[in-house]
Every structure is written in C-alpha cells, then in structure tokens.
Amino acid sequence: MKRFFKPIEKDGSAKKPALSPAKKETENEEENKKKREPLKFLTWNANSLLLRVKNNWPDFSNFVTTFDPDVIAIQEVRMPAAGSKGAPKNPGELKDDTGPSREEKRTLLRALSSPPFGDFQIWWSLADSKYAGTALLVKKCLQPKKVSFSLDKSASKHEPDGRVILAEFETFRLLNTYSPNNGWKEEENSFQRRRKWDKRILEFVMQCSEKPLIWCGDLNVSHEEIDVSHPDFFSAAKLNGYIPPNKEDCGQPGFTLAERKRFGALLKEGRLLDAYRFLHKEKDMDCGFSWSGNPIGKYRGKRMRIDYFVVSEELKDRIAACEMCGRGIELEGFYGSDHCPVSFELSPQATPDSNQGSLSIIQWQIQCQQ
C-alpha cells in the first residue's frame with residue numbers, strides 16, 4: 001500500500017495546501033455577503049454590445065474579472081426590443097421573433113452567462129431598433145430594492161430609445177443614462193431634444209434629493225476645457241459649414257457653451273460632484289478622456305471626457321477612486337468601442353462606533369432594521 005505524506009518544510013511545519021477554485025469562490029461569496037451595498041462600479045458605452053461580444057469579449061471579460069465590479073452600467077446596447085413588426089414592443093426584453101434575432105439573442109446571452117458575468121442579474125431598456133439602449137448588471141448578492149426605467153421613476157414605463165435605468169439601493173440611487181447627443185442644428189431631434197433632456201434631468205435630481213444619487217453613463221457633455229484634448233478644435237467644429245444662430249450652440253456636440261453651462265448649473269443646483277474631476281485636478285493627455293475620434297481622419301487624436309460618475313455631495317467623503325480605463329490615441333483599453341470603461345469606487349460606510357457617536361451597536365442594528 002502506498003502511503004502519502006504532506007511534505008515537510010525546513011522549519012518543520014507542513015506545507016499549507018493551496019485553496020481550490022471552489023473554496024476561493026466560496027470565500028468571494030462570503031465577502032460579498034458582508035457588503036451592505038455595491039461599492040465598485042463600471043460604466044461603458046459599448047457602441048453595440050453584440051459587436052463587442054463577437055470581437056472583443058475575451059479582453060473585456062478579463063478586465064471585468066480583474067476589476068471585479070459590483071455594478072456594470074452599459075450604454076448603446078443597440079439591440080432591438082422584443083415584439084414583432086407592427087406589434088407593441090417590450091423594451092425590457094431582447095427581440096427573438098425572427099431567426100436572425102433569436103441567434104443574436106443566444107449569442108449575447110451566452111456571453112453574459114459565462115464567467116464573470118454569470119454572477120450578475122441583468123436589466124434591459126431597449127429601443128425598437130438597433131439604436132441606443134441601456135443595460136444594468138448587478139451582482140446577485142447585492143440586489144436593488146427597485147428598478148425602474150424612466151425619469152419619473154415609473155417601473156413599467158421606459159424612456160424613448162431605452163435611455164434610462166434607475167436602481168434604488170438601501171442608501172443611494174443609481175442612475176444609468178445614455179444622454180442624447182446635442183446634434184448640430186436647431187431642430188427637434190437636435191438642440192431642442194437635448195434642452196428638454198437637460199431640463200428633465202435637473203427636475204429629476206431636484207425631486208430625488210432625499211437619498212444620495214450616483215449618476216453614471218455616457219452624458220454626452222464635456223464640462224470644461226480641461227475635459228477635451230483640443231479645446232480650439234472642438235469649439236470651432238462645424239457640420240457642412242453650418243453656423244447656428246445662437247453663438248452658444250456653436251461647436252462640437254457635447255462641447256457647446258450652452259450644454260456646458262446647463263451641465264454646470266445642474267451640478268450646482270443639484271449639489272452634485274463630478275467624481276473624476278474631484279480626484280484629478282490636472283489635465284491628463286494620456287488617460288484623461290473617455291471618448292476618442294476615429295483614428296483615421298481629422299478626428300485622429302481628438303478626445304473628450306463625456307462618460308461620468310456624478311455623485312451627491314453627501315457621498316464626497318466616500319469617493320475612493322474614479323478612473324478612465326483606456327488610454328492613448330490608439331484606443332488601448334477601449335475594447336473595440338469608441339468609448340473606454342470608467343470605473344468608480346466608494347469606500348465602505350463608516351462603522352457605527354466611528355460615525356454615530358454614542359449610539360450602541362444594538363441601537364444601530366435596530367435602526368437599520370426599521
């Protein structure tokens with residue numbers, strides 16, 4: 001009979017066995033259970049999630065595995081909502097009533113059920129066609145109390161084009177938006193649409209001040225000159241030589257003076273902070289932008305920061321990190337999109353002893369259960 005012995009180290013102690021993958025997973029699950037709320041977030045305009053799955057998924061999956069977010073907010077899903085031609089659509093479900101749409105749905109859901117995405121529950125808000133749309137992935141162990149899909153917080157109603165997902169957690173709300181592009185002209189689907197959107201966002205923020213807000217996504221605005229690589233280029237940009245009648249509407253969509261003023265007013269009146277700029281005061285020409293122009297043509301090397309984490313001032317002391325996760329004009333870390341992911345981390349809430357004076361642990365636990 002063979003006898004097996006644990007190898008003995010020189011100091012006489014037995015070698016510690018390595019943790020099995022199953023045990024590591026169990027430890028991760030236990031760690032997640034200790035969290036009372038999500039602390040690590042990722043937002044990304046995928047510029048067609050299906051294309052990213054087909055062409056860039058291994059690299060993006062490795063990135064997600066490494067960062068290990070609790071929440072992933074995605075914009076420009078570009079998958080059509082369920083419903084046959086001429087019938088009412090269901091923006092919360094993927095289209096699957098034709099052969100091609102069923103295959104696309106299978107491809108997408110197969111990728112989202114494999115590691116590390118199998119640990120997440122997914123909510124969709126989709127347009128009628130392959131346009132716009134958002135998705136929200138939240139770890140199954142950190143589920144929100146409520147999820148809705150419009151700025152009026154109606155659970156059943158979806159915003160046009162699937163531009164909003166709002167998740168309510170115990171101590172904060174998370175808003176994922178794909179804000180409409182300002183466009184180039186004084187038209188209903190251009191300047192006017194963006195003005196109406198900005199007004200509705202401000203109204204939403206002002207009406208929801210009873211709980212801290214984390215607002216993330218492609219907000220389609222660069223607030224200050226420091227937020228673009230070439231301010232003069234973007235300020236002078238035109239489409240086919242057209243010049244808007246109002247000078248404040250001139251320039252690159254997302255960098256017009258009118259948009260920037262409205263965004264600044266929103267931050268001030270809503271008592272909100274741009275988390276990235278709160279931590280990074282200086283311009284970073286390598287890693288300070290989230291969108292990059294086509295590597296070929298006049299937009300090569302022209303970059304903007306239009307993807308954000310904007311948070312209530314009440315959370316200021318808990319902002320631990322916020323980073324642009326791509327770099328350079330060759331789009332390293334963009335995973336095939338023209339946007340790179342943006343990460344955000346909150347520090348855990350203070351313990352009762354450090355944050356609540358003489359309040360006892362028992363009193364605090366009772367308070368939390370009420």
Side-chain angles (χ1 to χ4, degrees), residues 18-82 90-96 101-126 133-147 149 162 165-170 174 176 214 216-217 325 333-337 339-346:
L19 289 176
S20 67
K23 190 165 184 179
K24 284 183 179 179
E25 284 186 16
T26 302
E27 288 193 354
N28 288 338
E29 288 174 6
E30 290 301 318
E31 187 64 30
N32 284 329
K33 286 178 183 178
K34 293 177 184 177
K35 294 182 181 178
R36 298 180 181 274
E37 60 188 359
L39 297 176
K40 299 179 73 176
F41 306 82
L42 201 63
T43 185
W44 186 39
N45 179 322
N47 193 15
S48 176
L49 189 57
L50 184 63
L51 284 179
R52 303 292 77 80
V53 164
K54 289 181 176 180
N55 299 305
N56 312 93
W57 208 239
D59 289 341
F60 182 65
S61 297
N62 289 337
F63 167 71
V64 171
T65 298
T66 301
F67 180 62
D68 191 26
D70 300 320
V71 174
I72 304 173
I74 297 177
Q75 305 85 44
E76 276 205 272
V77 171
R78 292 193 185 179
M79 290 290 287
N90 179 359
E93 298 289 342
L94 296 163
K95 181 180 177 67
D96 63 357
S101 65
R102 279 192 292 274
E103 181 58 33
E104 289 179 346
K105 179 178 179 178
R106 277 196 294 267
T107 299
L108 189 57
L109 294 185
R110 190 182 303 122
L112 291 172
S113 62
S114 61
F117 303 99
D119 294 335
F120 294 82
Q121 183 169 337
I122 307 173
W123 288 267
W124 304 97
S125 189
L126 306 170
T134 52
L136 186 70
L137 290 73
V138 181
K139 278 188 175 175
K140 294 173 182 176
C141 57
L142 296 167
Q143 290 300 289
K145 297 169 62 177
K146 178 183 177 183
V147 176
F149 305 93
I165 301 181
L166 175 64
E168 183 169 343
F169 293 91
E170 189 67 36
L174 177 78
N176 171 24
I214 299 174
C216 68
C325 300
F334 281 63
Y335 307 105
S337 176
H339 296 246
C340 71
V342 180
S343 64
F344 174 66
E345 296 182 56
L346 278 179

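Sequence positions, counted from 1, serve as the residue numbers for this chain.
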**Item:** Nearest-0.5 Å distance that lies between atom CG in D119 and atom OG1 in T65
**Value:** 9.5 Å
**Prompt:** Does anything in residues 52-64 pair up under salt bridge (charged side-chain N to carboxylate O under 4.0 Å, His left out), and if so which pairs, sequence neighbours excluded?
**Reply:** none
**ring pair (Phe, Tyr, Trp, His ring centres under 6.0 Å) involving F120 - partner list, sequence neighbours excluded** = none
**Asked** Is it true that a side-chain atom of S114 and a backbone atom of A111 form a donor plus acceptor pair closer than 3.5 Å?
**Response** yes
**Message:** For W44 and F60, I'd like to know if the aromatic rings sit close, meaning centre-to-centre distance below 6.0 Å.
**Reply:** yes
**Message:** To the closest 0.5 Å, what do you measure between CZ (R36) and CD (E170)?
**Reply:** 9.5 Å
**Prompt:** Taking NZ, NE, NH1 and NH2 as the nitrogens, is one of them in K40 or D70 under 4.0 Å from a carboxylate oxygen of the other?
**Reply:** no
**Asked** Does the side chain of F63 reach to within under 4.5 Å of the side chain of P116, using non-hydrogen atoms?
**Response** no
**Item:** pair V53-T107: side-chain heavy atoms closer than 4.5 Å
**Value:** yes
**Message:** Is there a side-chain contact between F41 and S343 in this structure, where contact means two heavy atoms from C-beta onward sitting under 4.5 Å apart?
**Reply:** no
**Request:** State the CD1-CZ distance between I72 and F117, to the nearest 0.5 angstrom.
**Result:** 5.5 Å
**Item:** pair N47-R78: side-chain heavy atoms closer than 4.5 Å
**Value:** yes
**Fill in**
In short, V138 meets Q143 closest at the heavy-atom pair O-NE2, 3.3 Å
**Item:** Residue pairs, two or more places apart or on separate chains, that pass salt bridge (charged side-chain N to carboxylate O under 4.0 Å, His left out) and touch residues 105-118
**Value:** D96-K105, E103-R106
**Message:** I'd like to know whether I122 forms a side-chain contact (heavy atoms from CB on, under 4.5 Å) with L136, so could you lay out the CA-CA distance, the side-chain angles of the two residues, the decisive distance to 0.1 Å, and finally the verdict.
**Reply:** CA-CA 6 Å; I122 307 173; L136 186 70; over 6 Å; no
**Prompt:** Closest approach of F169 and L142, non-hydrogen atoms and distance?
**Reply:** CE2-O, 3.2 Å
**Message:** Looking at S337 and N45, would you say the former's side chain and the latter's main chain have a donor-acceptor pair under 3.5 Å?
**Reply:** yes
**Request:** Specify the closest pair of heavy atoms between L126 and P80, including all atoms of both residues, with the distance to one decimal.
**Result:** CD1-O, 3.9 Å
**Prompt:** Going by distance alone, is a donor N or O of one side chain under 3.5 Å from an acceptor N or O of the other, for Q75 and T43?
**Reply:** yes
**Message:** Is there a side-chain contact (heavy atoms from CB on, under 4.5 Å) between L166 and F149? Walk through the geometry before answering.
**Reply:** CA-CA 6 Å; L166 175 64; F149 305 93; over 6 Å; no
**Complete:** Minimal heavy-atom distance between A135 and V77, with the atoms involved, is N-CG2, 3.7 Å
**Message:** Is there a side-chain contact between N56 and L51 in this structure, where contact means two heavy atoms from C-beta onward sitting under 4.5 Å apart?
**Reply:** no
**Nearest heavy-atom neighbours spanning L346 and I214** = CD1-CD1, 3.9 Å
**Item:** For L112 against W124, the heavy-atom pair lying closest together
**Value:** CD1-CH2, 3.7 Å
**Asked** CG of L137 to CD1 of I74: how many Å apart, nearest 0.5 Å?
**Response** 5.5 Å
**Message:** Test side-chain contact (heavy atoms from CB on, under 4.5 Å) on F344 and C216; report intermediate values, then the result.
**Reply:** CA-CA 9 Å; F344 174 66; C216 68; over 6 Å; no
**Message:** For the CZ atom of F67 and the SG atom of C325, what is their distance to the nearest 0.5 Å?
**Reply:** 6.5 Å
**Steps toward side-chain contact (heavy atoms from CB on, under 4.5 Å) verdict (V147, I165)** = CA-CA 7 Å; V147 176; I165 301 181; 3.9 Å; yes
